[in-house]
Amino acid sequence: MASVPSLASTVQQRLAEGLSAALPEAGSADPLLRRSDRADFQANGILALAKQLKGNPRELATKVVDAIPANDVLREIEVSGPGFLNITVSDAAIVRTLAARAADARLGVPLNEAAGTTVIDYAQPNVAKEMHVGHLRSAVIGAAMVEILEFTGETVVRRHHIGDWGTQFGMLIQYLIEHPHELDHEDEGAEVSGEEAMSNLNRLYKASRALFDADEEFKTRARARVVDLQAGDEETLALWQRFVDESKIYFYSVFEKLDMDIRDPDIVGESGYNDMLQETCRILEESGVAVRSEGALCVFFDDIKGPDGNPVPLIVQKSDGGFGYAATDLSAIRDRVQNLKATTLLYVVDARQSLHFKMVFETARRAGWLNDEVKAVQLAFGTVLGKDGKPFKTREGETVRLVDLLDEAIDRASAVVREKAQDLTEDEIAERGAQVGIGAVKYADLSTSAARDYKFDLDQMVSLNGDTSVYLQYAYARIQSILRKAGDAKPAAHPELELAPSERALGLHVDGFGEVIAETAAEYAPHKLAAYLYQLASHYTTFYSECPVLKADTPEQVENRLFLCDLTARTLHQGMALLGIRTPERL
């Protein structure tokens, strides 16, 4: 089905027709339409037009209003102030537009006509290391952007650029060679839990690090092992693969708890670009983009200088021949542009890495891998803070384990669900507790602009009041309860009915869903969708308290209000799903 024009676009069209009829000399002037508190919409474009045409704005505004033919969409247009137009649409137009949305599986949301292919680089844990609170934002924001962009018609390629290469693997592999049973499992036939995999890796990492720091001979053997790894020695690679596989058991258990779909083909770590590093350096050096400086291969920038005023280069290859992150990141760009045919590269990476990515992107532009047709964007995110506003740590000052955080959120949410639950079994309470707890964590992150730091406060996150996912989930469950109790009455649109003020406000807000999705996708700003959904639940709460649904005055009014309930629920469900949050039918 074709997308449904929103009321805003229909009003815009009517105004544009009036403008060109009344003021043909204005060309295709923009009425500058926006939502308003005084009416349904306000158009401010005539002020600028009056300056351009050297006319009186109020007189021009009146002329435009007179030129708009009678129609069944605009109920009233009032000229106010120095030429603003306050526009009220008819109740029938609201209900008819919503009925068209309801008839479409996509709720009338259009596909982006300029859709391309976006590679999203997100959720980048490190092999043989525990995921901590710092990994949360990249995973949550990235997963939401995957869903939102795919919904708009974009082809999305997921990439988890895991840390699976580097000097520490020499230490780990050498230790495993000398202590061959350290990664064995208690019951080799049974499925290994993420917790067991991580405790194995943790133990081995700590033991190998202690030996590396204390024993010079072991340190020498470990460094030699790095050379074997980089040279592709079969035994060394096989042991390296054991670390990767063990780590994946753990990663997948965490992502499953986060209710995220991570697949094997999406994981292309640093090691995936090894074969390209040499060629990347050769291309950069031969094209003059990179130059040798003190033996290292560097790229210099006029506008990037250190505290001493000297240029800070991007080092692509070190003077000892080793490769840094820049070589891997530039090779990944080459792969994503040339092999995956990406038109956009989106990196969901901590804001503290902004300088690195600025230099990498500029280098890729100079090399011709990025251009007017292919862009790279860093969706930079801020830090997770504790309630005290300082970076989130345990009481002992250690980084908080992500699993512990998620478990506590689920426990808190389960207590909230149990308190409110009337007819749920223990199993249902546990299932809803997980959906509410993980939803609370995701929503707290996504409802904050990514660039800002945010406070991790579980008491606030699982609150039934205020801007929380629990509030939205309860609004959805409440609607499902009403629909179940409706008996023979079915949702049906009745454009002939007059709407109460809270029905109008709810209907107009539901109708803005498509525009919010487009804006969220274009700006990589999931907090805009979260804000829209919170306002939707708030409008619904007002409607619910002011407009009896099942006890409305007439059967038609019951049907129309059930229709509003149903479409609100579908919009909430779709919007929350795009943020990666479940909406339980009962709570």
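Worth knowing before you read on, the calculation uses all heavy atoms, side chains too, and leaves out hydrogens, waters and symmetry mates.
Within 6.0 Å of NE2 in H356 there are more than 12 heavy atoms belonging to other residues, nucleotides or ligands. Atom OH of Y252 is surrounded by more than 12 heavy atoms from other residues, nucleotides or ligands within 6.0 Å. Within 6.0 Å of CD in E256 there are 12 or fewer heavy atoms belonging to other residues, nucleotides or ligands. When the shell of 6.0 Å around CZ of R352 is examined, it contains 12 or fewer heavy atoms from other residues, nucleotides or ligands. Dense packing is recorded around CG of D184, with more than 12 heavy atoms of other residues, nucleotides or ligands lying under 6.0 Å away. Remark: R452 CZ is loosely packed, at most 12 non-hydrogen atoms of other residues, nucleotides or ligands lying under 6.0 Å away.
In this structure a side-chain-to-backbone donor-acceptor pair under 3.5 Å is missing from T344 to K375. The backbone N or O of R106 sits nowhere less than 3.5 Å from a side-chain atom of Q574 that would complete a donor-acceptor pair. No donor-acceptor pair under 3.5 Å is formed between the side chain of K387 and the backbone N or O of L458. Looking at D164, its side chain does come within 3.5 Å of a backbone N or O of S271 through a donor-acceptor pair. With hydrogens and angles ignored, the 3.5 Å screen pairs a side-chain donor or acceptor of R432 with a backbone N or O of R586. Proximity of a side-chain donor or acceptor of K442 to a complementary backbone N or O of G580 within less than 3.5 Å is detected. Between the side chain of R365 and the backbone N or O of L370, no donor-acceptor pair lies under 3.5 Å. H132 places a side-chain N or O within donor-acceptor distance of the main-chain N or O of G134, the cut-off being under 3.5 Å. Between the side chain of T383 and the backbone N or O of L385, no donor-acceptor pair lies under 3.5 Å. Although no hydrogens or angles enter the test, the distance criterion places no donor-acceptor pair under 3.5 Å between the side chain of R401 and the main chain of E130.
Taking the six-membered ring where the residue is Trp, H179 and Y175 present parallel rings, their angle staying beneath 30° rather than reaching 60°. Using a 30° and 60° split on the angle between ring planes, Y347 and F357 fall in the tilted class, from 30° to 60°. Using cut-offs of 30° and 60° on the angle between ring planes, the pair H509 and H539 is tilted.
Taking the charged nitrogens against the carboxylate oxygens, R158 and E150 do have a contact shorter than 4.0 Å, which makes a salt bridge. At a threshold of 4.0 Å, the pair R137-D350 does not count as salt-bridged, since none of the basic side-chain nitrogens sits closer than that to a carboxylate oxygen. The pair R366-E362 counts as a salt bridge, with a side-chain nitrogen and a carboxylate oxygen less than 4.0 angstrom apart. The pair E279-R334 meets the salt-bridge criterion, since a charged nitrogen lies less than 4.0 angstrom from a carboxylate oxygen.
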- Task: Begin from the C-alpha positions of W240 and I173 and carry the test side chain to side chain contact (heavy atoms under 4.5 Å, CB included) through to its verdict.
- Result: CA-CA 6 Å; W240 167 81; I173 293 166; 3.7 Å; yes

- Query: Going through the checks in order, is the side chain to side chain contact (heavy atoms under 4.5 Å, CB included) test met by F361 and V377?
  - Reply: CA-CA 8 Å; F361 295 163; V377 180; 5.9 Å; no

- Take R159 and D335, measure what salt bridge (charged side-chain N to carboxylate O under 4.0 Å, His left out) needs, and give me the verdict at the end. CA-CA 12 Å; R159 275 294 173 266; D335 174 59; 5.1 Å; no

- After noting the C-alpha distance and the side-chain angles of K358 and F301, does the key distance pass the side chain to side chain contact (heavy atoms under 4.5 Å, CB included) rule? CA-CA 10 Å; K358 181 183 175 186; F301 310 88; over 6 Å; no

- salt bridge (charged side-chain N to carboxylate O under 4.0 Å, His left out) between D228 and R225: does it pass, once the steps are laid out? CA-CA 5 Å; D228 293 340; R225 188 59 58 183; 3.6 Å; yes

- Task: Might you work through the side chain to side chain contact (heavy atoms under 4.5 Å, CB included) test for D121 and V348, ending with a clear yes or no?
- Result: CA-CA 6 Å; D121 188 326; V348 187; over 6 Å; no

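Rounding to the nearest 0.5 angstrom, the gap separating the CZ atom in R242 from the CG atom in L237 is 14.5 Å. Atom CG of L204 sits about 6.0 Å away from atom CG of L176, to the nearest 0.5 Å. With rounding to the nearest 0.5 Å, the separation of CD1 in I141 from CG in L579 is 11.5 Å.
Defined by atom type and a distance below 3.5 Å, a donor-acceptor pair is present between the side-chain atoms of Q124 and S138. Side chain to side chain, Y250 and E195 fail the donor-acceptor criterion of an N or O pair below 3.5 Å. A donor-acceptor contact closer than 3.5 angstrom is absent between the side chains of E154 and N112. Side-chain atoms of T520 and Y532 form no donor-acceptor pair, as typed in the model, at a separation below 3.5 Å. With hydrogens and angles left out, the side-chain atoms of Y122 and D266 include no donor and acceptor closer than 3.5 Å.
Nearest heavy atoms, L346 versus L379: CD1-CB, 4.0 Å. Considering every non-hydrogen atom in both S331 and Y273, the closest pair reads CB-CB, 4.0 Å. Closest heavy-atom contact between M461 and A444: CE-CB, 3.5 Å. Nearest heavy atom pair, residue L529 against residue L578, reads CD2-CB, 4.0 Å. Summarising the geometry of G163 relative to F169, their closest heavy-atom pair is O-CZ, 4.2 Å, with the distance given to 0.1 Å.
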